[in-house]
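Okay, structure first, notes after.
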Amino acid sequence: MMTVVRALLVSFVLSGAGIGVLFLTGKGFSLSDFSRFLTIQPLYVLYLLLALVGWWVLSGWRLMILAQSKEVTLLRATRAFLLSLFAASVTPSATGSTFGMAWYLSKYTTAERATAVAVFSVGLDLVYFAWSLPVSILVLHLRGIDIGVGTPVLVLTTLFALGLAWVLMFRADLLRHFVAWLFGFKPLERFRSGAQGFVEETVRSVALIRALPIPTQVLLHVITGLMYLTHFLTANALAAGIGLPIDHVALVATQSIVIAVGFLVPTPGGAGYYEIALGRAFAATNVPESAIGPFVIMWRVISYYLYLLIGPFIGGASLIRAQQKQKPDLQAP
């Protein structure tokens, strides 16, 4: 539990530092812009809630299809997704999300199938970012918008996502060679046994999912795209509700790019990075400089801190205890 507390403290400190950078590099924040959120139009609150719940339900539907089990209902699958978001929020680069998802689903299906669902979900996400990144870059280019993310970073992120997705979904067996090479180094030898066991489990898991019919696999990719679209539209609803004059298409494209790069940031929940990156990117989509700070804070509350509140109610504490019990196995000589 102390590990989680430390992660949360780091998140708060880094988030505060990120907001501070926005304040120092922009035109400052005004109380009137903070007060906008108290006068958000009720209709847009409804739109925001529909987009938020739509993100959860679509994500749960995807897990339910992958699980192929009567015991994994839409409600349980949605809870598994929410728990994975909580785990992602308290681990660097969201690395805990797959464990959280697999741990919860294993209560209603086999451990092997639960792991398969978690691993293939990562693969589906990576495929989404692999195609959405170039599309988003093209959209912003055609609109004459520069969000301040360097071309080399975008190219490397795209290639990394595409390469890892291909390995996970089609050639998981290649991970055996990578693990043998990586954990052959003296400082990492004591982790070799746990890493090799994880890889073997991953290879078996992916084989289960690959057996799904092609139309079902195509449907999973469509659902993944809709998932992220509804997730991004919560920011659009928030901006429209308080009357910010933004380019809505550019805002969706911007989030796709910033969030894709964020998976490479080694801080809990991407704290610090998201505040700065989203702030500067939102400015490029016509969000007034004085409103950037309040807008970013509210968006982070909805997209990050909300799951820290939800997590404990859907098994966050039990998940943390289970994850801590796994650590000795990963360190086996």
Side-chain angles (χ1 to χ4, degrees), residues 18 22 47-48 51-52 54-55 58-59 62 85 88 93-94 97 121-166 168-169 218-240 244-265 267 269-288 291-292 295-296 298-300 302-304:
L22 289 182
Y47 290 158
L48 190 154
L52 186 65
W55 154 245
L58 284 168
S59 302
R62 186 178 76 170
L85 291 180
S93 303
S97 62
S121 293
V122 173
L124 289 167
D125 290 342
L126 288 168
V127 169
Y128 164 78
F129 283 113
W131 68 258
S132 69
L133 266 171
V135 170
S136 298
I137 293 168
L138 178 61
V139 167
L140 294 180
H141 175 72
L142 293 176
R143 281 173 144 69
I145 295 174
D146 178 12
I147 63 172
V149 180
T151 300
V153 173
L154 295 176
V155 171
L156 287 175
T157 303
T158 302
L159 293 176
F160 175 79
L162 189 59
L164 187 54
W166 178 76
L168 282 176
M169 302 178 75
V218 172
L219 175 62
L220 289 168
H221 287 288
V222 172
I223 293 173
T224 301
L226 293 174
M227 277 170 48
Y228 280 101
L229 177 61
T230 54
H231 176 47
F232 299 149
L233 286 178
T234 55
N236 291 67
L238 181 64
L244 295 181
I246 61 167
D247 181 331
H248 285 280
V249 174
L251 187 60
V252 170
T254 293
Q255 292 179 84
S256 188
I257 293 172
V258 171
I259 290 176
V261 177
F263 283 109
L264 304 178
V265 177
T267 62
Y273 158 78
Y274 279 121
E275 284 75 14
I276 297 172
L278 287 173
R280 297 277 57 89
F282 286 164
T285 62
N286 295 330
V287 177
I292 285 175
F295 186 48
V296 169
M298 288 301 299
W299 175 226
R300 286 292 279 163
I302 294 170
S303 64
Y304 175 62

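For this chain, numbers begin at 1 and follow the sequence in order.
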query: Are the side chains of Ile246 and Phe295 in touch, meaning some heavy atoms are under 4.5 Å apart?
result: no
query: Where is the tightest heavy-atom contact between Ala130 and Pro134, given as atom of each residue plus distance?
result: O-CD, 3.1 Å
task: Could you tell me which non-hydrogen atom of Thr230 sits nearest to which non-hydrogen atom of Gly54, and how far apart they are?
output: OG1-C, 4.0 Å
query: Can you find a heavy atom in the side chain of Leu251 that is under 4.5 Å from one in the side chain of Phe232?
result: no
field: Residues in side chain to side chain contact (heavy atoms under 4.5 Å, CB included) contact with Thr224, at least two apart in sequence or another chain
entry: Arg62, Leu124, Asp125, Tyr128, Tyr228
task: Output all residues satisfying side chain to side chain contact (heavy atoms under 4.5 Å, CB included) with Leu142, sequence neighbours left out; order by chain, then residue number.
output: Leu138
task: Output, in order, the C-alpha distance, side-chain angles, deciding distance and verdict of side-chain contact (heavy atoms from CB on, under 4.5 Å) for Asn236 and Tyr47.
output: CA-CA 9 Å; Asn236 291 67; Tyr47 290 158; over 6 Å; no
- prompt: Between OG of Ser303 and CG of Leu238, what distance do you get to the nearest 0.5 Å?
  reply: 10.0 Å
- line: Residue pairs meeting salt bridge (Lys or Arg N to Asp or Glu O under 4.0 Å), one or both in residues 246-256, sequence neighbours left out, come to Arg143-Asp247
- request: Not counting sequence neighbours, which residues clear side chain to side chain contact (heavy atoms under 4.5 Å, CB included) with Leu229? List them please.
  value: Leu233, Val252
task: With sequence neighbours left out, write down each residue that passes side chain to side chain contact (heavy atoms under 4.5 Å, CB included) with His141, or none if nothing qualifies.
output: none
task: Kindly give the heavy-atom pair with the smallest separation between Ser136 and Ser256, and that separation in Å.
output: OG-CB, 3.5 Å
query: Donor-acceptor pair, Thr234 side chain versus His231 backbone, under 3.5 Å?
result: yes
- request: Taking all non-hydrogen atoms of both residues into account, name the closest pair between Phe129 and Ala260 and its distance.
  value: CD2-CB, 3.3 Å
query: Does anything in residues 131-141 pair up under salt bridge (Lys or Arg N to Asp or Glu O under 4.0 Å), and if so which pairs, sequence neighbours excluded?
result: none
- prompt: What distance do Ile257 atom CD1 and Ile137 atom CD1 have between them, rounded to the nearest 0.5 Å?
  reply: 5.0 Å
query: Where do Gln255 and Trp299 come nearest, in terms of heavy atoms and distance?
result: OE1-CZ2, 3.0 Å
query: Passes side-chain contact (heavy atoms from CB on, under 4.5 Å), Leu85 versus Tyr304? Steps please.
result: CA-CA 8 Å; Leu85 291 180; Tyr304 175 62; over 6 Å; no
